[in-house]
Amino acid sequence: MQRDVVILGGGPGGATLAMHLLAEGVKPLIVEKETFPRYHIGESMTGEAVNVLRSLGLGPIIEANGHPTRKGALVLSSKGKNSWWVPVMLRDANHELVEGEAWQVRRSVFDQTLLDEAVRRGAELVKARAVEVVRGPDPDEVRGVVIEHPSGEREVVHSRMLCDVTGQATWLAHQGVTSPKEPGRYDKQIAVFSQIRNPVRGEGFDGVDRPTHPDNTIIFYAELYHWAWFIPLDDEIVSVGVVVPSSYFASKGETKEAFLRRELKELHPELARRVVDTELAEEARAIPNYSYFIERFAGKGWLCVGDTHRFIDPIFSFGLYLTMKEGQHAAPLIRRYLAGELGDGREAFATHTRRMETAIDHYQDLIDGFWGEAQGFAYLVNNPRTRNQVIDMFAGRIYDVTERDIPAIKEMRALARKAREGGRLYGEDRRRSGFVAPTA
Amino acid sequence: MDTIEQTVKSFILDSFLPGADPNQLEADTPLITGGILDSLATVQLAVFLEQHFKVEIAAHETGTENLDSLALIGAFVRSKLAA
Ligand SMILES: Cc1cc2nc3c(=O)[nH]c(=O)nc-3n(C[C@H](O)[C@H](O)[C@H](O)COP(=O)(O)OP(=O)(O)OC[C@H]3O[C@@H](n4cnc5c(N)ncnc54)[C@H](O)[C@@H]3O)c2cc1C
């Protein structure tokens with residue numbers, strides 16, 4: 001077969017990229033190895049993620065799923081003193097901040113809705129596994145992909161643009177097409193997660209004046225790098241996960257399930273109070289070493305989108321947003337590339353990847369500052385001078401913004417530098433230690 | 001004590017140590033490491049300094065190196081005002 005655009009991966013990144021391309025008049029082929037619905041982690045999203053979905057006209061069909069909506073995220077430290085509330089806020093037509101809401105999605109349902117809709121709008125979907133890349137004469141060039149159908153039969157699909165949106169599978173990196181996949185700062189962490197039934201939801205807390213909406217995300221943190229999430233998925237079920245250093249997990253010598261059930265009761269008193277029944281409603285799963293980056297993630301005839309080129313840490317629920325936003329940015333470029341307006345595309349896509357990196361760098365700063373300099377971070381979140389700017393960053397307004405638009409970006413960067421130099425963070429992360437040459 | 005230190009001292013006494021003996025708060029009394037200011041109080045102090053003295057204090061400057069005593073705070077605010 002021969003297709004202009006082949007998208008590997010039919011998750012939210014692949015499905016929304018397909019819909020952005022369709023809106024540009026480009027009809028892609030999506031290759032997805034799993035039969036949907038399938039389980040996936042990553043259920044809370046930012047305010048701007050909602051905007052990406054709404055811009056695609058997906059508001060009504062997502063609402064029809066009945067996903068709960070959060071009004072914000074409550075971040076609770078173990079000592080209670082360094083706790084804060086980040087509301088979901090949107091910018092209205094006058095650029096004023098107004099309260100918003102963001103969906104909390106059971107991914108099996110959400111991902112299927114998006115993929116079905118992409119197909120309904122004209123994307124072609126094939127259930128197959130990408131197994132081998134087809135290279136061009138130029139070693140950097142990709143000309144297609146070999147896919148394997150469920151029958152075991154293999155087929156070559158030639159493409160003009162191959163988009164890797166395979167998430168943590170980082171498919172093109174494993175094919176040796178990108179520059180090497182390198183460990184990120186939070187590479188030594190493991191996430192262990194499942195779902196529970198009927199925990200206590202939505203009340204306020206002693207000493208913390210908070211909205212009491214039952215469907216908010218709650219983040220509990222204890223020691224450095226030791227935290228848990230609480231994400232309501234419907235009236236009954238709440239997604240819970242515990243993230244810890246892998247060495248700590250290993251030292252416990254427990255099964256995933258036993259580990260999770262014990263941590264739910266020990267990690268944080270407020271979490272323990274909420275979790276009435278530690279019986280798990282889902283298999284306990286784990287993802288280790290989820291933090292990595294790939295420096296060069298576009299080339300002639302290929303592009304990586306979302307998690308597939310960089311993932312820092314899930315603590316502030318940026319993943320879905322980043323993968324969907326990158327697709328939104330990439331779609332018009334891909335159309336122009338196919339129309340022959342961008343030459344061999346290398347220059348245009350290199351510029352694109354630098355834009356994407358700069359945006360994610362803001363999040364790397366935010367996360368490093370949070371872990372390494374909790375005091376300064378609390379000040380940025382609570383200071384009336386910077387509070388709304390931080391809310392903007394949490395919401396996802398990180399693309400093409402400079403210190404002039406959001407002065408707190410500069411402050412966040414200085415704080416992150418102090419955190420990295422202060423020795424409290426995990427050691428090297430080559431990408432953020434200053435000696436990665438910009439990709440040209 | 002200089003007026004800056006005096007102003008900050010009054011703020012800390014009023015906000016975080018109501019009823020305490022003012023003489024116990026000396027220029028070199030450790031505020032953060034001594035447990036007088038917790039994390040939230042430290043945030044409030046730094047915001048107060050910004051607003052009262054009309055200086056800008058960056059997040060990375062809100063650690064003990066600048067805020068752990070009245071003397072340190074005085075020197076820090078003076079350096080900001082001079083800049
Ligand atoms: C512990 C943890 C918690 C997280 N929590 C959040 C959160 O609360 N909020 C949030 O926004 N994000 C969260 N994330 C991140 C979120 O999961 C991802 O950012 C998001 O799923 C990325 O979407 P995607 O479509 O790019 O990739 P995915 O959703 O991973 O989809 C990739 C698709 O590619 C398919 N695929 C893979 N290999 C092949 C192949 N060879 N051939 C064909 N198909 C293939 C897979 O089957 C899959 O369907 C979390 C991540 C982790 C690790």
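All chains are named by letter (A, B, ...) in the order of the sequence lines, taking the proteins before the strands, and each is independently numbered beginning at 1. Being a predicted model, the structure only gives us computed values, none of them experimental.
For the pair Glu411(A) and Ile57(B), the tightest heavy-atom approach, listed with the atom from each and the gap, is OE2-O, 3.7 Å. For Val47(B) against Pro384(A), the heavy-atom pair with the smallest separation is CG1-CD, 3.9 Å. Taking every heavy atom of both residues into account, Leu380(A) and Ala59(B) meet most closely at CG-CB, 3.5 Å. The two residues Tyr379(A) and Ala46(B) come nearest to each other via the heavy atoms CE1-CB, 3.3 Å.
Interface remark: Gln44(B) contributes no atoms to any contact with chain A (heavy atom separation under 4.5 Å). When heavy atoms are compared at a cutoff of 4.5 Å, Glu373(A) does not approach chain B at all. Contacts of Arg385(A) with chain B are made by side-chain atoms alone, with heavy-atom separations under 4.5 Å and no backbone atom involved. For Ile32(B), no part sits under 4.5 Å from any heavy atom of chain A, backbone or side chain.
Crowding of Glu223(A) atom CD: a count of heavy atoms from other residues, nucleotides or ligands under 6.0 Å not exceeding 12. Under a cut-off of 6.0 angstrom, the local environment of CD in Glu99(A) is sparse, with at most 12 non-hydrogen atoms contributed by other residues, nucleotides or ligands. No more than 12 heavy atoms of other residues, nucleotides or ligands sit less than 6.0 Å from atom NZ of Lys410(A).
Taken to the nearest 0.5 Å, the NE2 atom of His60(B) stands 12.5 Å off from the CZ atom of Arg413(A). The structure places CH2 of Trp84(A) at 12.5 Å from CG of Leu40(B), a figure rounded to the nearest 0.5 Å. Once rounded to the nearest 0.5 Å, the distance linking OG1 of Thr62(B) with NZ of Lys418(A) reads 6.5 Å.
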